[in-house]
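Notes follow once the structure below has been shown.
Lettering follows sequence order; numbering is per chain, from 1.
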There are 2 protein chains.
Amino acid sequence: MMELTRKGEYAIRGIVYLAGKPIDKVCLLSDIAAAVDVPPTFLAKIFQQFSKIGLVKSFRGTGGGFLLGRAAENITLLEVVEAVEGPIIPNRCVVTPSDCERSDFCNVHPVWKRVQGEVRSVLEGVNLKELASKERSDINN
Amino acid sequence: MMELTRKGEYAIRGIVYLAGKPIDKVCLLSDIAAAVDVPPTFLAKIFQQFSKIGLVKSFRGTGGGFLLGRAAENITLLEVVEAVEGPIIPNRCVVTPSDCERSDFCNVHPVWKRVQGEVRSVLEGVNLKELASKERSDINN
DNA sequence: CCCCAAAAAGACTATTTATATCTTTTTAGG
DNA sequence: CCTAAAAAGATATAAATAGTCTTTTTGGGG
Ligand code: SF4
Ligand code: SF4
């Protein structure tokens, strides 16, 4: 349960790789894909999504490639994940309580809200700079 | 992302309903299903899983039905969810780091461990007695 | 012993989501 | 105008989800 998809995993790998490069280094999709071990065509789709919302900047044609859209420390893991996976929704009633006519009196409902809050909070507390750094942020795996 | 399946949602509804009944009241599957608005055949499958691990007790034949396997206050939401959805796994590397040869140096890995811990902790902090009570546990939805 | 009620077990189906790949088009540099 | 590279769109396959249906087992009561 609650499993990140391949798409999400690949998205993170790709953008973290970018975050580890100099801010002005334009990277080829093919290079990124090879470096992070992701099917290039799949990563292309993912980076198109990133590009649309400005998480990365893209340049076409000769000498083209990708750059981070903002400074790495200003991009949270939450943004990256939600960009490709959609919002964090432990149960549909957290987004539209009206879907379930039990939501008025349901004691489970607030629990899912709490789960959502906790997960978002963890992911929001991590930025791409930390993720890209060579220093292992956490000793205890 | 991280969405509970119908199966999980139905499972919770069903067992919370049981938890709201007197401890010795044997409930018919058909009654439970009707009360919590779940397809009876689907709920049957779910309760079979519960029964196998002792979360509920079942009785066959005339006068048969279901009882809670233990006192409601001793069953956590985490147990219920994991019984039908499997363990809480935000990313496969949290269970088998060896799957990913990047796990040694990956800074994302510990984040997923943290997410897992937070979610489990929230779900473990809620028991069926609370969920079944008429009092709305949380004012702020 | 026979009938009926109810859960258990297993096979089967349809729909949706995930995981890609392939082809064509657009953009840009030299 | 040729080539490099991303964007867009169509297609394909596999797996998971969300059920249903049928048959079997178990137990109680007449
Ligand atoms: S029953 Fe409660 S938890 Fe389930 S969908 Fe409705 S409001 Fe949400
Ligand atoms: S790259 Fe990191 S987060 Fe992704 S699967 Fe490997 S260890 Fe886990």
Would you kindly give the [atom1]-to-[atom2] distance between [X] and [N], to the nearest whole Å?
| X | N | atom1 | atom2 | value |
| --- | --- | --- | --- | --- |
| A:L29 | C:dA28 | CG | P | 18 Å |
| A:I46 | C:dA18 | CD1 | C1' | 12 Å |
| A:R60 | D:dA6 | CZ | C1' | 6 Å |
| A:Q49 | C:dA18 | CD | P | 12 Å |
| A:K57 | D:dA6 | NZ | C1' | 17 Å |
| A:F66 | C:dA28 | CZ | P | 14 Å |
| A:L43 | C:dC22 | CG | C1' | 17 Å |
| A:F59 | D:dA5 | CZ | C1' | 13 Å |

Please report the shortest heavy-atom distance between [X] and [Y], naming the atom on each side.
| X | Y | value |
| --- | --- | --- |
| B:W112 | A:V81 | CH2-CG2, 4.2 Å |
| A:K21 | A:C27 | CG-SG, 3.9 Å |
| A:R13 | B:C100 | NH2-SG, 4.1 Å |

Exercise. Assess whether side-chain contact (heavy atoms from CB on, under 4.5 Å) is satisfied between A:V56 and A:I15, documenting all intermediate values.
Key: CA-CA 8 Å; A:V56 305; A:I15 203 167; 4.0 Å; yes
Quick check: do [X] and [Y] have side-chain heavy atoms less than 4.5 Å from each other?
| X | Y | value |
| --- | --- | --- |
| A:L18 | A:I32 | yes |
| A:L123 | A:I88 | yes |
| B:R114 | A:V126 | yes |
| A:L28 | A:F66 | no |

Exercise. Apply side-chain contact (heavy atoms from CB on, under 4.5 Å) to B:N107 and A:E130, showing your working.
Key: CA-CA 8 Å; B:N107 285 331; A:E130 294 160 6; over 6 Å; no
Which nucleotide wins on minimum distance to the side chain of [X], given the candidates [options]?
| X | options | value |
| --- | --- | --- |
| B:Q48 | C:dA9, D:dA6, D:dG19 | C:dA9 |
| A:K45 | D:dT20, D:dA8, D:dT25 | D:dA8 |
| B:P39 | C:dT27, D:dA6, D:dG19 | D:dG19 |
| B:T41 | D:dA7, C:dA9, D:dT20 | D:dT20 |

Quiz item: Of A:F42 and B:S30, whose closest DNA chain C nucleotide lies nearer the 5' terminus?
Solution: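 Its nucleotide being nearer the 5' end, the pick is B:S30.
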Self-check item: Stem list, DNA chain C (Watson-Crick or G-U pairing under 3.5 Å, at least 3 consecutive pairs)
Solution: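 DNA chain C forms these stems: C:1-30 with D:1-30.
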Exercise. Give one of base, sugar-phosphate or nothing for B:F47, where a contact means two heavy atoms less than 4.0 Å apart.
Key: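 It contacts nothing in the nucleic acid.
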Quiz prompt | Neighbours of DNA chain D within residues 1-16 of chain B, by heavy-atom distance under 4.0 Å | solution =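 The answer is B:T5, B:R6, B:K7, B:Y10.
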Practice problem: Determine: side-chain N/O of B:S58 to OP1/OP2 of C:dA6, distance under 4.0 Å, yes or no. | Solution: no
Quiz item: Counting only side-chain N and O atoms of B:S51, is one of them less than 4.0 Å from OP1 or OP2 of C:dA8?
Solution: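 Checking C:dA8 against B:S51, a side-chain N or O does come within under 4.0 Å of OP1 or OP2.
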Practice problem: State, without any angle test, whether B:E3 and A:N91 hold a side-chain donor-acceptor pair at a distance under 3.5 Å. | Solution: no
Quiz item: Can a donor-acceptor pair under 3.5 Å be found between the side-chain atoms of A:T62 and the base atoms of C:dG30?
Solution: no
